[in-house]
Amino acid sequence: FYCSQPGFEPHQGNGVWTDVWSEVGPCMSSPTKSPSLNPTSNPTSSSPTSSPINTPPTANPTSSPTANPTSLAPTSKPTFPPPTQPPTIDPEFATLLSKFPYSYPYTRYTRWLELESDKKSIAKSLEYTRSSWDNLELSDLESSTFEHLTDEEKQNVKALGLDETMWDCYMNHYNGNSWEDLQATRAAQYYEILGWEQASWDEEEGATVPDTDDMYWDELSAVEQEAAESVCFFKNS
């Protein structure tokens, strides 16, 4: 304001201007309308401004990315850490799995419509249909022990996730074995609890099958259910 006054001459010993000088500091010239291409030899003022100058951001950010990414190398660690907890399993189902003598064949007990395409193709090559797959013991293949399958059938069964012990227990339930074979695999002791003996198992003349063979799961006693689980039966099988 004072610099714009024609009579402002701070070098004079005028008392009025001397007072103004002491209050407002040196006179600051107004900027030119156009910037100079050459820098001034001296700064306009030797005194720092009382507050820093904050340049406001541009009205709109640029939409173009930088010419080159900062780095082509991947980060050393993933941005998001993996989950710390393993997937949960139903406690009741976990208890059931612990009762079986061999690993549970998840693929074989997956419903037909939920099978992956490659697994379904393998099942079809074993002559499974939707009905014989979803309804256990309908497939003629399951009446044979693993030993009596062809080499191609064994290969396909393994591709479905079942080895020999799993197939004989879960799929065949040792029905393709003689009583002598059952004793060798120690499965005979569980079938004895279910009322079987050598004569009835080997279908000797005059022998009858035990009542448990025609019972629903809930009709079996707790001991009988445990014996059935030991030869890979369960409520829905």
Side-chain angles (χ1 to χ4, degrees), residues 78 80-147 149 153-177 181-182 184-196 201 209-237:
F80 299 101
T84 55
Q85 296 294 332
T88 57
I89 184 170
D90 179 69
E92 184 177 350
F93 184 58
T95 301
L96 174 64
L97 294 183
S98 67
K99 297 178 180 180
F100 296 135
Y102 305 110
S103 299
Y104 185 80
Y106 286 93
T107 298
R108 178 59 189 89
Y109 292 135
T110 299
R111 292 177 61 83
W112 181 263
L113 294 179
E114 298 172 0
L115 280 176
E116 297 178 358
S117 58
D118 59 331
K119 301 300 183 184
K120 187 176 292 185
S121 296
I122 295 171
K124 288 180 178 179
S125 71
L126 291 169
E127 298 187 1
Y128 277 105
T129 63
R130 177 179 176 181
S131 176
S132 60
W133 182 268
D134 287 343
N135 297 279
L136 303 176
E137 300 184 27
L138 289 185
S139 171
D140 292 337
L141 189 70
E142 294 173 1
S143 63
S144 299
T145 62
F146 188 88
E147 181 183 2
L149 300 179
E153 289 170 340
K154 289 177 181 178
Q155 182 178 356
N156 288 329
V157 164
K158 288 181 178 180
L160 291 176
L162 294 96
D163 61 18
E164 181 173 0
T165 57
M166 294 165 67
W167 176 268
D168 286 347
C169 191
Y170 287 99
M171 297 297 98
N172 184 250
H173 304 288
Y174 306 104
N175 285 322
N177 294 83
D181 292 333
L182 285 184
T185 61
R186 300 175 60 184
Q189 59 182 317
Y190 304 116
Y191 275 110
E192 286 176 343
I193 295 173
L194 293 170
W196 292 87
W201 186 265
V209 298
D211 293 337
T212 57
D213 191 52
D214 198 34
M215 287 183 178
Y216 290 105
W217 184 262
D218 291 335
E219 294 176 325
L220 298 174
S221 68
V223 173
E224 290 169 339
Q225 287 180 1
E226 289 181 4
E229 289 164 346
S230 296
V231 288
C232 300
F233 282 108
F234 52 97
K235 186 173 184 177
N236 296 326
S237 67

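Count residues from 1 along the sequence. In what follows, every heavy atom counts, from backbone to side chain, and hydrogens, waters and symmetry copies are set aside.
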I need the minimum non-hydrogen distance between [X] and [Y], along with the two atoms involved.
X: Asp218; Y: Gln225; value: CA-NE2, 4.2 Å
X: Glu137; Y: Glu142; value: N-OE1, 3.1 Å
X: Leu149; Y: Ser144; value: CD2-CB, 4.1 Å
X: Ser125; Y: Asn156; value: OG-ND2, 3.3 Å
X: Pro210; Y: Gly195; value: CB-O, 3.5 Å
X: Trp112; Y: Lys120; value: O-CE, 3.2 Å

Solution key, residues 186-193 side-chain donor-acceptor pairs under 3.5 Å, sequence neighbours excluded:
residue, atom, partner, partner atom, Å
Gln189, NE2, Arg186, O, 3.0
Tyr191, OH, His173, O, 2.6

Side chains of [X] and [Y]: does their closest heavy-atom pair fall under 4.5 Å?
X: Arg108; Y: Tyr128; value: yes
X: Trp133; Y: Leu126; value: no
X: Arg111; Y: Leu113; value: no
X: Val209; Y: Trp196; value: yes

Can you confirm whether more than 12 heavy atoms, excluding those of Asp211, are under 6.0 Å from its CG atom?
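No, CG of Asp211 has 12 or fewer neighbouring heavy atoms, counting only those of other groups under 6.0 Å.
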Does CD in Glu219 sit with more than 12 non-hydrogen atoms of other residues, nucleotides or ligands closer than 6.0 Å?
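Atom CD in Glu219 is packed in, count exceeds 12.
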Pairs of donor and acceptor atoms involving the side chains of residues 157-164, under 3.5 Å and at least two apart or interchain, shall be tabulated with distances.
residue, atom, partner, partner atom, Å
Asp163, OD1, Thr165, N, 3.2
Asp163, OD1, Thr165, OG1, 2.9
Asp163, OD1, Met166, N, 2.9

Backbone N or O of [Y] within a donor-acceptor pair of the [X] side chain at under 3.5 Å?
X: Asn177; Y: Asp181; value: no
X: Asp168; Y: Phe146; value: yes
X: Thr212; Y: Leu194; value: yes

Any chance you could measure Met171, atom CE, to Ser237, atom OG, to the nearest 0.5 Å?
8.5 Å
Can you name the one residue among Tyr170, Tyr109, Phe93 that meets ring-ring contact (aromatic ring centres under 6.0 Å, His included) with Phe100?
Tyr170
Between Leu141 and Trp167, is the side chain to side chain contact (heavy atoms under 4.5 Å, CB included) condition met? List the steps.
CA-CA 11 Å; Leu141 189 70; Trp167 176 268; 3.8 Å; yes
